[in-house]
Structure formats: C-alpha cells, structure tokens
Chemist: 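Just dropping this structure here.
Keep in mind that this is a model prediction, so the values were computed, not measured.
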Amino acid sequence: MDDALTIGTFTFRSRLFTGSGKYKDLEETERAILASGCEVVTVALRRVDLKSRGEGTLFDVLARTKVTVLPNTAGCYTADEALRTARLARELLGTPLVKLEVIGDQRTLFPDNEATLEAAKVLVKDGFTVLPYCIDDPIVCKKLEDVGCAAVMPLAAPIGSGLGIRNPYNLAIIREHAKVPLIVDAGVGTASDAARAMELGCDGILMNTAIAGAKDPILMAEAMRDAVSAGRRAFRAGRIEKRLYASASSPMTGLIE
C-alpha cells in the first residue's frame with residue numbers, strides 16, 4: 001500500500017481497472033477479472049438489469065470477485081440522460097462512484113465535452129465521486145478538475161480501437177498540471193500500450209476490449225496486469241536521459257595500460 005491509488009475516499013492497490021462487457025460468457029468474465037488482479041470493474045448501467053442480482057448474473061460474479069463496482073453512463077447522449085442514469089445507479093447499487101460518459105458522436109464515440117462538464121457540475125454537487133471520460137485535452141481536464149471531479153479519464157484513442165496512445169504529449173501535459181488522478185480510458189490495444197501510459201505518469205488505466213477481445217482474454221488480462229505494474233515502477237524509478245551518442249557503461253578510470 002506504499003503506492004496505493006486514492007480516488008476521493010476510495011483507495012486501491014491495483015491501478016488497472018477493467019470492464020465487464022464483450023466476454024463470451026460470465027465464466028470468462030470472472031476468470032479475466034481474477035487474472036487481471038483489478039479491484040475496480042466498470043458496468044454499463046444502460047446495458048444490464050440492475051435489479052438482477054441472483055446466481056448466474058453479472059452482479060453475482062462481481063460479488064464473488066470482491067471488486068468495487070464502478071457504474072458508468074455509457075450510451076447516454078445528453079447531460080440529462082447521464083444524470084438520470086447516475087442517480088438510478090446510486091439508488092440501486094449504493095455507491096457514490098460514477099464513470100461519467102456523455103457521447104457526442106455515435107460513430108467515433110467521442111465524448112461531448114460541454115455536456116460532460118455540465119453533468120459533472122451537477123453530480124459533484126449531488127455528492128457523487130465523478131470520474132469523467134473526456135478527450136485528451138488539457139483544458140477540458142482542468143475544467144473538470146476545477147468543478148470537483150475526483151479524477152480525469154482522457155481517452156488514448158477511440159473506444160475499442162486498439163490504436164494505443166495517439167498523443168502522448170497531451171497526456172504528459174495533463175499529468176504535469178492535474179492534481180487529481182489521471183486514468184487513461186479507451187484505446188489501449190496491448191500490453192506495451194499500457195506500460196507506455198504508466199511510464200508517462202498516468203495513475204491508472206481502464207480497459208475492456210483490449211482484454212475481452214483478445215484471442216486469449218485470460219492470458220491478456222495477466223499481461224495487462226504485469227504491464228501496468230511494470231510501467232508504474234519504471235515511472236517511479238525514473239528513466240535515464242536520452243542521448244544522441246553512446247555513453248560507456250563501464251568506468252574509464254583504472255584501465256590496464
């Protein structure tokens with residue numbers, strides 16, 4: 001716990017957050033969650049039956065794996081839709097956590113930043129711990145932080161694209177100025193993408209398709225677990241400076257004449 005991730009009043013050891021969709025069945029979902037070592041799993045509220053909690057349901061799996069459920073407002077296209085969905089989740093699940101998504105375009109699934117900011121203001125005032133999905137725009141992230149969001153969650157690339165980090169420089173700028181955790185959300189394709197994000201100083205990564213869509217989701221979940229951990233340790237260790245020319249590894253003093 002010497003390097004725990006704190007978001008609002010919540011503290012986690014794992015910096016890998018995973019999704020709960022796109023797996024072939026609930027058995028694979030459970031195995032992937034356990035293999036990833038994650039402590040937070042996000043659930044699309046508009047795509048599950050929140051009242052279905054019995055044996056053989058998604059919520060039964062989440063209870064067995066003892067993860068923290070992060071409700072999300074995926075599929076909402078207006079601030080009002082997102083607000084209604086978030087409030088329903090808090091009522092039925094008893095958690096202040098919400099991953100806020102307000103989509104602005106059906107094809108790209110890019111977020112509507114203005115609507116996201118509008119909804120975030122209301123949810124923060126209502127006592128929610130808000131984690132907003134947004135474009136990798138340092139200005140937008142600053143505005144979301146200023147209204148009280150507990151973290152910012154810029155995309156690395158379009159949802160489900162697997163393109164990896166398309167703009168590492170924006171993420172670096174966001175990291176430099178943000179005083180709340182920075183969680184990369186969407187676009188990660190493989191373990192090297194995850195490690196790179198963490199080496200940039202991101203505090204965590206949320207992914208779904210990269211694991212669930214892999215040929216072997218369980219093995220990929222393990223790979224992502226290790227990549228996030230390795231990237232975080234590399235960031236904390238501090239990489240060497242890049243040099244144009246070689247630098248001898250061995251000392252030049254005391255050589256044999």
Side-chain angles (χ1 to χ4, degrees), residues 1-20 33 36-45 62 65-74 82-83 85-87 89-90 93-102 111 113 116-117 119-138 140-156 171-172 174-188 194 197-208 224-225 227-229 231-233 235-236:
M1 296 295 287
D2 64 323
D3 187 39
L5 171 60
T6 299
I7 299 176
T9 60
F10 296 82
T11 300
F12 307 106
R13 290 169 296 179
S14 172
R15 291 172 180 269
L16 173 60
F17 297 4
T18 66
S20 54
I33 290 172
S36 73
C38 73
E39 296 175 82
V40 178
V41 174
T42 185
V43 176
L45 300 172
L62 299 178
T65 53
K66 298 180 181 179
V67 295
T68 296
V69 176
L70 172 59
N72 74 60
T73 62
L83 291 172
T85 304
R87 287 164 177 159
R90 182 166 65 178
L93 300 179
T95 178
L97 281 170
V98 64
K99 180 193 169 192
L100 175 62
E101 294 186 34
V102 185
N113 289 316
T116 300
L117 184 60
K121 290 178 182 177
V122 176
L123 290 174
V124 168
K125 289 181 180 178
D126 283 353
F128 283 86
T129 302
V130 182
L131 289 71
Y133 162 65
C134 59
I135 291 288
D136 57 340
D137 179 345
V140 168
C141 288
K142 182 66 168 63
K143 289 181 178 180
L144 289 165
E145 179 181 342
D146 287 345
V147 301
C149 290
V152 289
M153 303 183 73
L155 54 78
L171 291 180
I174 294 169
R175 173 65 289 160
E176 181 181 354
H177 296 286
K179 294 181 176 60
V180 295
L182 164 57
I183 313 293
V184 164
D185 180 14
V188 169
M198 298 305 293
E199 289 170 355
L200 286 170
C202 296
D203 296 289
I205 301 178
L206 193 155
M207 64 181 74
N208 188 180
M224 292 301 190
R225 175 198 65 201
V228 169
S229 176
R232 176 63 181 177
R233 282 179 283 152
F235 171 72
R236 294 182 70 195

Chemist: For Thr42, does its backbone N or O pair with a side-chain atom of Ser20 as donor and acceptor, under 3.5 Å?
Modeler: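 Judged by distance alone, yes, a pair lies under 3.5 Å.
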
Chemist: What closest approach, in Å, do Ala194 and Met207 show between heavy atoms, and which atom pair accounts for it?
Modeler: CB-CE, 4.2 Å

Chemist: Whether the side chain of Arg225 engages the backbone of Val228 through a donor-acceptor N/O pair (distance < 3.5 Å, no angle test) should be reported.
Modeler: no

Chemist: With heavy-atom distances below 4.5 Å as the criterion, would you say the side chains of Asp3 and Arg15 are in contact?
Modeler: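 Result yes, sub-4.5 Å side-chain heavy-atom pair found.
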
Chemist: Return the minimal non-hydrogen interatomic distance between Leu182 and Leu171, and the atom names on each side.
Modeler: CD2-O, 3.8 Å

Chemist: Would you say the side-chain atoms of Glu145 pair up with the backbone N or O of Lys179, donor to acceptor, closer than 3.5 Å?
Modeler: yes

Chemist: Under the side-chain contact (heavy atoms from CB on, under 4.5 Å) test against Leu70, which residue among Thr18, Leu206, Val98, Thr129 passes?
Modeler: Leu206

Chemist: Looking at CG of Leu83 and CG of Leu123, how far apart are the two atoms once the value is rounded to the nearest 0.5 Å?
Modeler: 5.0 Å

Chemist: Looking only at heavy atoms, what is the nearest atom pair of Val147 and Val124, with distance?
Modeler: O-CG1, 3.4 Å

Chemist: Leu117 versus Cys134: any side-chain heavy-atom pair under 4.5 Å?
Modeler: no

Chemist: Nearest 0.5 Å, what's the CG-CD distance between Asp185 and Glu101?
Modeler: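 Here the rounded value is 6.5 Å.
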
Chemist: Report yes or no: does Asp126 contribute a side-chain atom to a donor-acceptor pair with the main-chain N or O of Phe128 at less than 3.5 Å?
Modeler: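 Checking the backbone N and O of Phe128 against the side chain of Asp126, no donor-acceptor pair under 3.5 Å is found.
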
Chemist: Is the shortest side-chain heavy-atom distance between Val41 and Val69 below 4.5 Å?
Modeler: no

Chemist: Does Leu144 reach the side chain of Leu100, with side-chain heavy atoms less than 4.5 Å apart?
Modeler: no

Chemist: Is it the case that the side chain of Glu39 and the backbone of Ser14 share a donor-acceptor pair, with hydrogens and angles ignored and the cut-off at 3.5 Å?
Modeler: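 Yes, the answer is positive, given that a donor and an acceptor are paired below the 3.5 Å cut-off.
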
Chemist: Any side-chain heavy atom of Leu155 sitting closer than 4.5 Å to one from Tyr133?
Modeler: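 SC-SC contact between Leu155 and Tyr133 confirmed.
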
Chemist: When rounded to the nearest 0.5 angstrom, what distance separates CG in Leu131 from CZ in Phe10?
Modeler: 9.5 Å

Chemist: Which heavy-atom pair separates Cys38 from Val67 by the least distance, and what is that distance?
Modeler: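 Between these two residues, the closest heavy atoms are O-CG1, 3.8 Å.
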
Chemist: Does Val122 reach the side chain of Arg87, with side-chain heavy atoms less than 4.5 Å apart?
Modeler: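 Yes; the side chains approach each other to less than 4.5 Å.
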
Chemist: Are any of the side-chain heavy atoms of Ile174 and Pro138 separated by less than 4.5 Å?
Modeler: yes

Chemist: Give the intermediate values and the outcome of side chain to side chain contact (heavy atoms under 4.5 Å, CB included) for residues Met198 and Ile205.
Modeler: CA-CA 8 Å; Met198 298 305 293; Ile205 301 178; 3.9 Å; yes

Chemist: Taking side chain as C-beta onward, heavy atoms only, is Lys142 less than 4.5 Å from Asp137?
Modeler: no

Chemist: Could you walk me through whether Leu93 and Val43 pass side chain to side chain contact (heavy atoms under 4.5 Å, CB included), step by step?
Modeler: CA-CA 11 Å; Leu93 300 179; Val43 176; over 6 Å; no

Chemist: Measure the CZ-CG distance between Arg90 and Leu45 for me, rounded to the nearest 0.5 Å.
Modeler: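 Between Arg90 CZ and Leu45 CG, I get 13.0 Å after rounding to 0.5 Å.
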
Chemist: Testing the basics here: between Ile7 and Ala150, what is the closest heavy-atom pair and its distance to 0.1 Å?
Modeler: CG2-CB, 3.8 Å

Chemist: Mind listing the closest non-hydrogen atom pair of Thr6 and Thr11 along with its distance?
Modeler: OG1-OG1, 3.5 Å

